[in-house]
Amino acid sequence: MEIKIESSLKSQSIALITGGNKGLGQQVAKELVGQGYLVLLGSRDFENGKKASEEIGESAYPIQLDVTDAQSINSAAERITAEFGRLDLLVNNAAIAQSGNYSSVSEVLESSKASVASLDEIRTLFETNVLGVLAVTQAMLPLIRLSNSGRIINISSALGSLTLNSDVNFPYRSYFGATYSASKTALNAMTLALAIELEETGIKVRAASPSFTATAMNDFQGTDSVEVGAKALVLAALDTDSPTGSFTGPDGPLPW
Ligand SMILES: NC(=O)c1ccc[n+]([C@@H]2O[C@H](COP(=O)([O-])OP(=O)(O)OC[C@H]3O[C@@H](n4cnc5c(N)ncnc54)[C@H](OP(=O)(O)O)[C@@H]3O)[C@@H](O)[C@H]2O)c1
């Protein structure tokens with residue numbers, strides 16, 4: 001089922017966020033709407049996206065989007081092309097921390113160690129967190145090129161920073177493993193590659209990390225609320241001015 005968007009709303013800045021049906025994605029969507037954006041709230045389960053959009057209210061519209069499904073991505077791109085003809089902001093937020101086969105966060109961390117990590121698990125995580133981001137970005141790029149202020153924000157993590165994890169004093173260093181963290185490192189590489197390629201176009205490509213936020217991803221063990229956690233993401237998403245290729249977190253720039 002699709003929801004038709006009134007043509008009178010088309011003068012607004014248009015954002016697409018993946019995995020917008022809950023957690024940080026829904027919070028970012030809410031705040032973008034608060035900033036006057038029309039937000040296409042991507043959700044792999046349309047009904048979940050519809051419910052999340054209704055919670056946000058006007059200017060949030062659900063769109064079915066599974067970042068691992070080429071047909072779903074193409075349908076979303078076709079719909080945005082037909083109804084808006086451009087995209088101003090793409091927030092690649094959707095991600096998974098594990099395949100769903102674990103019973104606790106500590107089990108996930110233990111099984112992410114490079115010496116024992118399942119190759120299938122690594123493939124599954126990279127499929128969503130890295131290739132999914134690239135697939136959505138490639139499909140949406142023609143629409144972003146038509147914006148006067150095109151931006152692509154990839155939601156990453158300090159856990160993916162090679163520089164931070166090389167520092168013996170980094171408190172989360174023991175979490176650096178071959179699954180989720182490494183997928184965020186690879187996402188950072190894709191972010192920088194795209195930023196370099198698109199430098200001349202004016203399209204800003206950024207990676208941004210939230211603080212440690214209580215969401216389903218960490219079994220709600222994060223220390224911050226989504227309102228606090230999303231701050232750095234919203235700042236990066238709304239930043240039309242500072243140089244492309246940035247990686248920022250709650251306390252400012254992060255090293256790659
Ligand atoms: N929470 C933290 O402390 C933290 C820290 C650093 C970085 N991050 C990053 O922040 C972002 C948001 O995470 P979160 O904490 O808000 O987690 P979350 O509540 O688990 O939300 C993840 C979202 O991604 C969606 N998703 C997963 N696979 C998808 C797919 N194949 N296609 C489309 N959507 C998919 C989920 O949809 P379903 O509801 O259908 O599963 C959900 O909407 C992620 O990129 C995460 O890595 C979070």
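Indexing begins at 1, ligand by ligand and atom by atom, following the structure's order. None of these values were measured; they are calculated from a predicted model.
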**OP:** Give the numbers and elements of all ligand 1 atoms closer than 4.0 Å to a heavy atom of Leu24.
**Re:** 1 (N), 10 (O), 15 (O), 16 (O), 48 (C)

Original post:
In the protein, what heavy atom is nearest to atom 45 (O) of ligand 1, and what distance, to one decimal place, separates them?
Top reply: Asn93 O, 2.7 Å

**OP:** Salt-bridge test for Lys51 and Glu55: reply yes if a basic N is under 4.0 Å from a carboxylate O, no otherwise.
**Re:** yes

Original post:
Quick one: which ligand 1 atoms are inside 4.0 Å of a heavy atom on Asn218?
Top reply: 1 (N), 2 (C), 3 (O)

Subject >> CZ (Phe170) with more than 12 external heavy atoms under 6.0 Å >> reply: yes

Original post:
What residue and heavy atom of the protein are closest to atom 42 (C) of ligand 1, and at what distance?
Top reply: Lys22 CE, 3.8 Å

Original post:
Tell me: protein heavy atom nearest atom 7 (C) of ligand 1, and distance?
Top reply: Ser156 O, 3.2 Å

Subject >> Which of the ligand 1 atoms, numbered from 1, are nearer than 4.0 Å to a heavy atom of Ile155 >> reply: 9 (C), 10 (O), 11 (C), 45 (O)

**OP:** Check if Pro210 has a non-hydrogen atom at a distance under 4.0 Å from any atom of ligand 1.
**Re:** yes

Original post:
Where do Ala178 and Ile122 come nearest, in terms of heavy atoms and distance?
Top reply: O-CG1, 3.6 Å

Original post:
So between Gly229, Ala52, Ala95, whose heavy atom ends up nearest atom 22 (C) of ligand 1?
Top reply: Ala95

Original post:
Going by the order shown, which atoms of ligand 1 are within less than 4.0 Å of some heavy atom of Ser157?
Top reply: 6 (C), 7 (C)

Original post:
If hydrogens are left out, which of Arg44, Met217, Gln221, Lys184 has an atom nearest to atom 28 (N) of ligand 1, that is, the closest non-hydrogen atom?
Top reply: Arg44

Original post:
Where do Gln12 and Gly36 come nearest, in terms of heavy atoms and distance?
Top reply: NE2-O, 3.1 Å

Original post:
Val133 and Val67: side chain to side chain contact (heavy atoms under 4.5 Å, CB included), yes or no, with the steps?
Top reply: CA-CA 7 Å; Val133 171; Val67 305; over 6 Å; no

**OP:** Tell me which part of Asp66 gets within contact of ligand 1: side chain, backbone, both or neither, using heavy atoms under 4.0 Å.
**Re:** both

**OP:** Inspect the surroundings of CD in Glu110 and state if more than 12 heavy atoms from other residues, nucleotides or ligands are less than 6.0 Å away.
**Re:** no

Subject >> Sub-3.5 Å N/O-N/O distance, Asn21 and ligand 1 >> reply: yes

Subject >> In one Ile/Leu/Val/Met/Phe/Trp/Tyr side-chain cluster, 4.5 Å: Leu16, Phe84 >> reply: yes

Subject >> Per-atom contacts, ligand 1 versus Ile96 - under 4.0 Å to a heavy atom >> reply: 27 (C), 28 (N)

Original post:
atom 32 (N) of ligand 1: which protein heavy atom is closest, and how many Å away?
Top reply: Val67 N, 3.0 Å

Subject >> Within-cut-off N or O pair, Ser209 and ligand 1, under 3.5 Å >> reply: no

**OP:** Considering only non-hydrogen protein atoms, determine which one is nearest to atom 25 (C) of ligand 1 and report residue, atom name and distance to 0.1 Å.
**Re:** Gly19 CA, 3.8 Å

**OP:** Take Asp45 and Asn21 through the side chain to side chain contact (heavy atoms under 4.5 Å, CB included) test and state the conclusion after the steps.
**Re:** CA-CA 9 Å; Asp45 179 305; Asn21 56 288; over 6 Å; no

Subject >> Taking every non-hydrogen atom, the tightest pair across Tyr180 and Ser157 >> reply: OH-CB, 4.2 Å

**OP:** Quick one: look up the protein heavy atom nearest atom 26 (N) of ligand 1 and list residue, atom name and how far away it is.
**Re:** Ala94 CB, 3.8 Å

Original post:
Which ligand 1 atoms, with their elements, are less than 4.0 angstrom from a heavy-atom of Phe212?
Top reply: 3 (O)

Subject >> Atoms in ligand 1 with a heavy atom of Thr68 nearer than 4.0 Å >> reply: 31 (N)

Subject >> Ser161 (side chain) donor-acceptor with Ala158 (main chain) under 3.5 angstrom >> reply: no

**OP:** Using a strict 4.0 Å threshold on nitrogen-to-oxygen distance, state whether Arg79 and Glu83 make a salt bridge.
**Re:** yes

**OP:** Give the residue, atom name and distance (to 0.1 Å) of the protein heavy atom nearest atom 33 (C) of ligand 1.
**Re:** Leu65 O, 3.3 Å

**OP:** Determine whether the side chain, the backbone, both or neither of Ser211 has a heavy atom under 4.0 Å from any heavy atom of ligand 1.
**Re:** backbone

**OP:** Distance to 0.1 Å, residue and atom name: give those for the protein heavy atom nearest to atom 14 (P) of ligand 1.
**Re:** Thr215 OG1, 3.5 Å

Subject >> Side-chain ion pair, Lys204 and Asp239, N-O less than 4.0 Å >> reply: no

Original post:
Looking only at heavy atoms, what is the nearest atom pair of Ile56 and Ala29, with distance?
Top reply: CD1-CB, 3.7 Å

Subject >> Pairwise side-chain contact, Leu125 with Ile96, heavy-atom cut-off 4.5 Å (strictly under) >> reply: yes

**OP:** For Gly23, counting its heavy atoms only, list the atoms of ligand 1 lying under 4.0 Å from any of them.
**Re:** 16 (O), 19 (O)

